[in-house]
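Quantities reported herein were computed from a predicted structural model and do not represent experimental measurements.
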Amino acid sequence: MPTPAISVAMSVYNGERYLASAIESVLAQDFTDFEFLIVDDGSTDASPRIIRRYAEMDSRIRPILRENRGLIASLNEMIAIAKAPVIARMDADDICRPNRFSKQIAFLEQHPDYGVVGSWSEDIGEDGEPLVRHGMDDHPLTHEELLKAIETGGQLICHPAAMYRRDTVRSVDGYHAAFRHCEDFDLWLRLTGVTKLGNIPERLLRYRRYPGQVSSRHATEQQIGSVVARIAWEERQAGRPDPTATLSRLPPIADLDALFGRPGISRRVREQVALGVRYSASAMRDEGFDLLVSHLRDGGRRDGMWRTVLRLLRFGEPVRALRLASTLATSHATSHAV
């Protein structure tokens, strides 16, 4: 068999609801020279059956059906077995535009100094309806713009819209196990040290947003990992060793000073995460809320916190809204007494 130009990498875990649409959008690409790796990561729903059915219909699909190992293990497995020099990421709940692969492979051919290219995306809801999101900038286009976005906390590359050179990603040891639910952000940061990254200003992916997706269910862990990944990036930029590189899991926030070997890291992470999770309904319903309260009791920044009380009411969390209001009143009175 000739070597394909692209290896498409999709990991599936209980994705039966949208899986067929995602697979069909890949098979309908106007660029057809690809193999399609689909790992079923121990699904307990109909996902394996759906994958087998499509594999019988199209010989480009290479199904890997096995026990659950997690997304990062699945991604690294596909990078290891990919036959093509270029890998296109894809998630089991999104939809590719028909010209996605042709646009991205052409970009990489025309820009040999770029190892990763993403694209802008179009947000859709549970039933494919268009979503309008306010206050969100599109992803940066050039490598220089992407470096500025790292400094300002902006978006970098939409993971399921990414296409990258296999050997470039292998050169930085792929995805790191410690950064669950933000493994892509950590990878982009590490890749800035060896290649250029950018985006095509076209909406080549329809990105589905719904309460059950991973980024919603693990919002607080994702925020913590993203902040730690950026601090690790700063360590590398300063010529210091990255203490997260060999970890299988990040330690608790309270242990980060010891991990990085200096004081202030734990407090910085707690503050940045607390200020970020207050906009997420799912984070305000999980450990993100307790982290926010802990931040305030520690004397952390209070700006915008009364608006967070109102936001909690809109999220349908009146008890937590009352608790946050009480914490704000108590911490304010304590600071004045001091």
Out of curiosity, does I253 fall in the hydrophobic cluster containing L259 (side-chain heavy atoms, cut-off under 4.5 Å, transitive links)? yes
Note: E202-R97 ion pair, threshold 4.0 Å (strictly below): no
For the pair L75 and E183, evaluate side-chain contact (heavy atoms from CB on, under 4.5 Å) and give the outcome as yes or no after the intermediate values. CA-CA 10 Å; L75 293 173; E183 64 284 332; 4.3 Å; yes
Any side-chain to backbone donor/acceptor pair from D138 onto W120? Under 3.5 Å, distance only. no
Nearest heavy-atom contact between R100 and A88 is NH2-CB, 4.1 Å
CD on Q272 to CD1 on I231, rounded to 0.5 Å: 6.5 Å
Pair R49 + D40: basic N to acidic O under 4.0 Å: no
Please answer: with hydrophobic residues joined when any side-chain heavy atoms are less than 4.5 Å apart, are L187 and L189 in the same cluster? yes
Give the cluster check for V172 versus L71: same hydrophobic cluster or not, with ILVMFWY residues linked at side-chain heavy-atom distances below 4.5 Å. yes
Test log, rule side-chain contact (heavy atoms from CB on, under 4.5 Å), inputs F101 and V8: CA-CA 10 Å; F101 293 174; V8 185; 3.5 Å; yes
Report yes if some heavy atom in the side chain of L256 is under 4.5 Å from a heavy atom in the side chain of R267; otherwise report no. no
Transitively linked via ILVMFWY side-chain contacts under 4.5 Å: V116 with V194? yes
Tell me, with the steps shown, if R190 and R236 meet side-chain contact (heavy atoms from CB on, under 4.5 Å). CA-CA 9 Å; R190 287 186 286 114; R236 296 189 296 270; 3.4 Å; yes
Got a second to check how far I61's CD1 is from E56's CD, nearest 0.5 Å? 10.0 Å
What I'd like to find out is whether the side chain of L65 reaches to under 4.5 Å of the side chain of R52, using heavy atoms alone. yes
Rounded distance (nearest 0.5 Å) linking atom CG of D255 with atom CZ of F260: 12.0 Å
Do L296 and L324 have side chains that approach each other closer than 4.5 Å (heavy atoms only, starting at C-beta)? yes
Show, in sequence, the C-alpha distance, side-chain angles and deciding distance for D93 and R208, and conclude whether the salt bridge (charged side-chain N to carboxylate O under 4.0 Å, His left out) test is met. CA-CA 6 Å; D93 48 8; R208 199 180 303 272; 5.9 Å; no
Could you check whether any side-chain heavy atom of R180 comes within less than 4.5 Å of a side-chain heavy atom of R249, counting everything from C-beta outward? yes
Does NZ or CZ of R60 lie under 6.0 Å from the centre of the six-membered ring of F34, at an angle within 45° of the ring axis? yes
Under 3.5 Å, is there a donor-acceptor pair between the side chain of R206 and the main chain of I124? no
Correct closest heavy-atom pair for M90 and C96 would be SD-SG, 3.4 Å
Are the side chain of D94 and the backbone N or O of Y207 linked by a donor-acceptor pair below 3.5 Å? no
Please check if the side chain of R203 supplies one atom and the backbone of S121 the other of a donor-acceptor pair under 3.5 Å. yes
Shortest non-hydrogen contact from H143 toward Y114: N-OH, 3.0 Å
For the student: nearest non-hydrogen atoms of Q29 and N99, plus distance: OE1-C, 4.0 Å
Evaluate side-chain contact (heavy atoms from CB on, under 4.5 Å) for V273 paired with H295, printing each intermediate quantity in order. CA-CA 9 Å; V273 174; H295 160 76; over 6 Å; no
Can you establish whether the number of heavy atoms outside R307 located under 6.0 Å from its atom CZ is more than 12? no
Mark yes or no for whether R230, through its side chain, and G153, through its backbone, hold a donor-acceptor pair below 3.5 Å. no
Do side-chain atoms of N199 reach the backbone of L141 as a donor and acceptor pair under 3.5 angstrom? no
Rounded to the nearest 0.5 Å, what separates atom OG in S7 from atom CD in E35? 3.5 Å
Roughly how far, to the nearest 0.5 Å, is the SG atom of C182 from the CG atom of L250? 7.0 Å
Side chains of L291 and I224 in contact at under 4.5 Å (non-hydrogen atoms): yes
Ion pair check, E234 and R268, cut-off under 4.0 Å: yes
Ion pair present between R209 and D123, side-chain N to carboxylate O less than 4.0 angstrom? yes
Is it the case that the side chain of R166 and the backbone of A84 share a donor-acceptor pair, with hydrogens and angles ignored and the cut-off at 3.5 Å? yes
Do N68 and Y13 have side chains that approach each other closer than 4.5 Å (heavy atoms only, starting at C-beta)? yes
Answer yes or no: is there an ion pair linking E317 with R311, defined by an N-O contact shorter than 4.0 Å? no
Shortest non-hydrogen pair, A92 vs S11, comes out as CB-O, 4.3 Å
Is there a side-chain contact between H159 and D91 in this structure, where contact means two heavy atoms from C-beta onward sitting under 4.5 Å apart? no
Kindly work out whether a path of hydrophobic side-chain contacts (I/L/V/M/F/W/Y, heavy atoms less than 4.5 Å apart) joins V169 to V117. no
Where does the angle between the aromatic ring planes of H218 and H181 fall among parallel (under 30°), tilted (30 to 60°) and perpendicular (over 60°)? parallel
On a heavy-atom basis, the closest approach of D137 and Q155 is O-NE2, 2.6 Å
I'd like to know if the side chain of T152 and the backbone of K148 have a donor-acceptor N/O pair within less than 3.5 Å. yes
Residue pair T220 / F289, side-chain heavy-atom distance below 4.5 Å: no
Salt-bridge test for E126 and R17: reply yes if a basic N is under 4.0 Å from a carboxylate O, no otherwise. yes
Checking side-chain polar atoms at under 3.5 Å, does R66 have a donor or acceptor matched by the opposite partner on S74? yes
Kindly say whether G276 contributes a backbone atom to a donor-acceptor pair with the side chain of S280 at under 3.5 angstrom? no
Between N76 (side chain) and Y175 (backbone), is there a donor-acceptor pair under 3.5 Å? yes
